Amino acid sequence: MLSTVAYHDLRTSQCVKKMITSGSLIEFIDGGRFYCGLVTGVADKKIHLLNQNGREINLPESRILMTSRQLSPKDSSRETITATLQKIAANRTALAETITLKDLWQIVCEEPDNEFPLDFLAEFHFGGAVNDDQRAAFLRAVFADPLFFKFKTDKIIAHSPEQVKQLETQLQKEQERAQVLEQAADNLQKIMQGIPVSEDDWPDRERCLQWIRQSVLFGSESEEDELVRLILKKAGLTSPHADYELLVKAGVWGPDENLTLLRSDQPVDFPEHCIEIAGTLREATLEELLADPKRQDLRSLNTLTIDGSFTRDFDDALHIEKKSDGTIQVGIHITDVSYYVPPKSPLFAEARDRSTSLYFPEGHIPMLPKTLSLDLCSLIQGKVRPTISFLVTLAKDGTVVQKSIVPAVIEVKRQLSYREADALIERDADLAALNVVRQQLRQQRIDHGALLLSLPDVNIDIRDREHIQVYLSPVDTPARNLVSELMILANGIAADYLAGQEAPGLFRSQPPARKRLISGAQNSLQDIAQQRRFLARGELTSHPKPHSGLGLNCYTTITSPIRRFLDLVMQHQLSHMVHGRGILFSGDECKTFAGIIQQNLSRANALRQQRHRYWILRYLEPKEGQLVNALVVGIGPKRVNLLLCDCLFDIDLPPNSAFPVETGDTVRVRLARIKPLDNILRVEW
């Protein structure tokens, strides 16, 4: 190494870049590799040269990294020049591999000026004057090991100790990343081939699969998306949805994973503290319930539930009694969830964040933990349960004579499905009497302008995922209509009570339809589908307003407190007031609840719709290319709106003069392309 005096002499010397002329031997980088070249001409700032591989190329002068001091003869043959260049390049590469930059960096890194000429550092390293090969070798070493120095505009810059530390960390990460990339690609190939890969075989298994999961869900927004793309490319998994199929093969996801749900911020699993609280709750005894002096013992009533065949969360029950004066008493008994879920409970806050239970063909996400929704709060046959009961006295013509809202205790005597109730409705005394009441109540609402717009339920059977079935079930059967009319009655009574007390609440309303097309109870599928297109958007306010669609002056919902947060809030408000404790939730609190509920219901409805669409597309997928029936429900200047008849799925097509249609026509359309994972359905006339 040089003496200190020699070091300072060199440090202050100048190294002038030699002008590039014909015959100059140069160094340049192409595709990340160093090359030697012999300049054969210079014109218009373009360097014409022959490189070590025998190729003639043109380079801008800015691409030249170093020029030799000595000119080389260019009169030799092309083969001789190429061989010479290859020998020079090999010598320089070999010499560069012997250079260690760390010792030199430790000497110069503390200098106030960290920029150095190439010649200065090369001579410092080699201990004296250097030749072209040594200069080129040093430059190659700087590029090969970017930890200590970097080359910039004919100068070599020494990194600070802080920069070196950062670069070391970065380099370590890159090395780890390269190792992860190699191992991941190999193991992902095995997974796709059906070869089991455990965490013992591949310690990074869960971490890498989580990266891929995030990449599928959030694309470029996921932190490791770029690395995932590299891993999949290296593994040869580049086909559409290969990443999704990989996660299915790995057991991370099922074959029909609800990606829309995973992308959303919809709560699914309950927090641990909510599970713990729910686990501490126990079934209230009759004595505990009747310790409330306001709570009436109605266990002797012949109460029954009517629900779907697979329902397990029963939140309403009914009874009917004929009185000696010729009037009829109807009871609508709603499970008292407020008894178990007080407003300051974490369970109440969790219900607020969810706002509703979500039902999908593959299962449901409850608003409350199952220990409550399926047990303590469910009106199960033979179990003593607290309720908020609506006792309504009706005249023979169905006119409401008297109504009261009372906390109560009931014990359900019968649990019927809709199908069972429909089969019994003509010969069972209670069901027959309830059926008369529902007809009267329904007609009263129609007379007040109600619109009956019930389309059949679309039931999707996914028990056999290879042969998904869709069937339509009417929602306007006597049993279903009986339940809905009595729930509307109870909800209307609750709204009237709060409005009469001038108490704030959560009131549902709807302005009149923009255009009225139907009336009465007997309307065709086409008429109902058309009318729905002209409905005004519903509102949720803290003060009562008319609900034109139901034909009521004010309306709320209180009949599903297990499944809807709005109903739970209203149950608390109503229970507090009928107990004589005054208003529980202020107008401002109700406005806050309304905002939260609307936002969360918008999210939930989008999830329902998108999941419903996915399963319908899965059902239609095997029918791709086939002709199916569709009902024309609307014709606009640019689109024709249709319903696929077998699944009531909305589609639209541009008008086609070759296929003139009118509203109400049933036409044949072709299912041209169906891609459920891509949310694609293309239909043609």
Side-chain angles (χ1 to χ4, degrees), residues 1-2 6-21 24-39 42 44-47 49 51-52 57-69 88-89 92-93 95-175:
M1 299 296 290
L2 295 178
Y7 165 81
H8 285 290
D9 288 343
L10 277 172
R11 182 69 180 83
T12 56
S13 68
Q14 298 293 318
C15 179
V16 180
K17 183 176 178 180
K18 189 177 185 300
M19 181 177 292
I20 301 172
T21 60
S24 294
L25 191 64
I26 63 167
E27 293 274 309
F28 67 98
I29 290 179
D30 190 20
R33 293 181 57 192
F34 261 92
Y35 287 90
C36 279
L38 180 67
V39 177
V42 179
D44 299 327
K45 296 187 178 180
K46 287 283 186 180
I47 311 299
L49 59 89
N51 73 9
Q52 66 194 52
I57 58 176
N58 293 323
L59 286 179
E61 189 174 344
S62 59
R63 291 276 304 279
I64 309 303
L65 298 179
M66 194 199 83
T67 309
S68 61
R69 291 195 175 97
I88 291 171
R92 292 177 175 182
T93 299
L95 184 57
E97 290 172 354
T98 68
I99 298 173
T100 302
L101 297 175
K102 185 174 182 179
D103 293 341
L104 176 61
W105 172 80
Q106 288 176 333
I107 296 173
V108 303
C109 70
E110 299 298 339
E111 284 289 299
D113 184 359
N114 67 339
E115 292 189 3
F116 303 90
L118 168 61
D119 285 1
F120 164 70
L121 290 179
E123 291 178 11
F124 199 161
H125 172 79
F126 287 108
V130 291
N131 58 32
D132 288 332
D133 286 349
Q134 290 172 318
R135 293 168 65 233
F138 190 86
L139 184 62
R140 289 177 181 231
V142 168
F143 275 87
D145 181 6
L147 190 59
F148 303 103
F149 299 95
K150 71 175 178 180
F151 181 78
K152 184 178 180 182
T153 320
D154 299 332
K155 296 283 187 178
I156 295 179
I157 300 171
H159 293 140
S160 68
E162 293 77 15
Q163 288 174 312
V164 170
K165 189 173 182 180
Q166 290 174 356
L167 289 169
E168 284 176 332
T169 302
Q170 181 181 338
L171 183 61
Q172 183 180 359
K173 287 182 179 179
E174 289 174 355
Q175 290 170 343

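Just the heavy atoms: all of them, side chains too, but no hydrogens, waters or symmetry mates, feed the values below. Since this is a predicted model, take the numbers as computed values, not measurements.
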Whether Phe138 and His125 hold their rings parallel, tilted or perpendicular, with breakpoints at 30° and 60°: tilted
Stepwise side chain to side chain contact (heavy atoms under 4.5 Å, CB included) test for Thr21 and Val39: CA-CA 7 Å; Thr21 60; Val39 177; over 6 Å; no
Heavy-atom check, side chain of Phe34 versus side chain of Leu139, under 4.5 Å: yes
Distance (rounded to the nearest 0.5 Å) between Arg92 CZ and Met66 CE: 4.5 Å
Closest contact, heavy atoms only, Pro146 versus Leu167: O-CD1, 3.8 Å
Test log, rule side chain to side chain contact (heavy atoms under 4.5 Å, CB included), inputs Ile57 and Leu49: CA-CA 6 Å; Ile57 58 176; Leu49 59 89; 3.4 Å; yes
Salt bridge present between Lys152 and Glu115 (N-O < 4.0 angstrom): no
Ile99 side chain near Phe126 side chain, heavy-atom distance below 4.5 Å: yes
Side-chain heavy-atom pair Phe120, Ile156 within 4.5 angstrom cut-off: no
Ile47 and Arg63: CA distance, side-chain angles, deciding distance, side chain to side chain contact (heavy atoms under 4.5 Å, CB included) verdict: CA-CA 9 Å; Ile47 311 299; Arg63 291 276 304 279; over 6 Å; no
Minimal non-hydrogen separation, Val130 against Ala122, with atom names: CG1-O, 3.7 Å
Heavy-atom pair with the smallest gap, counting every atom of Ala89 and Gln52: CB-OE1, 3.4 Å
Minimum side-chain heavy-atom gap Leu147-His159 below 4.5 Å: no
Atom pair CZ/OG1 of Arg33 and Thr93 - distance to nearest 0.5 Å: 8.5 Å
Distance (rounded to the nearest 0.5 Å) between Ile20 CD1 and Leu59 CG: 9.5 Å
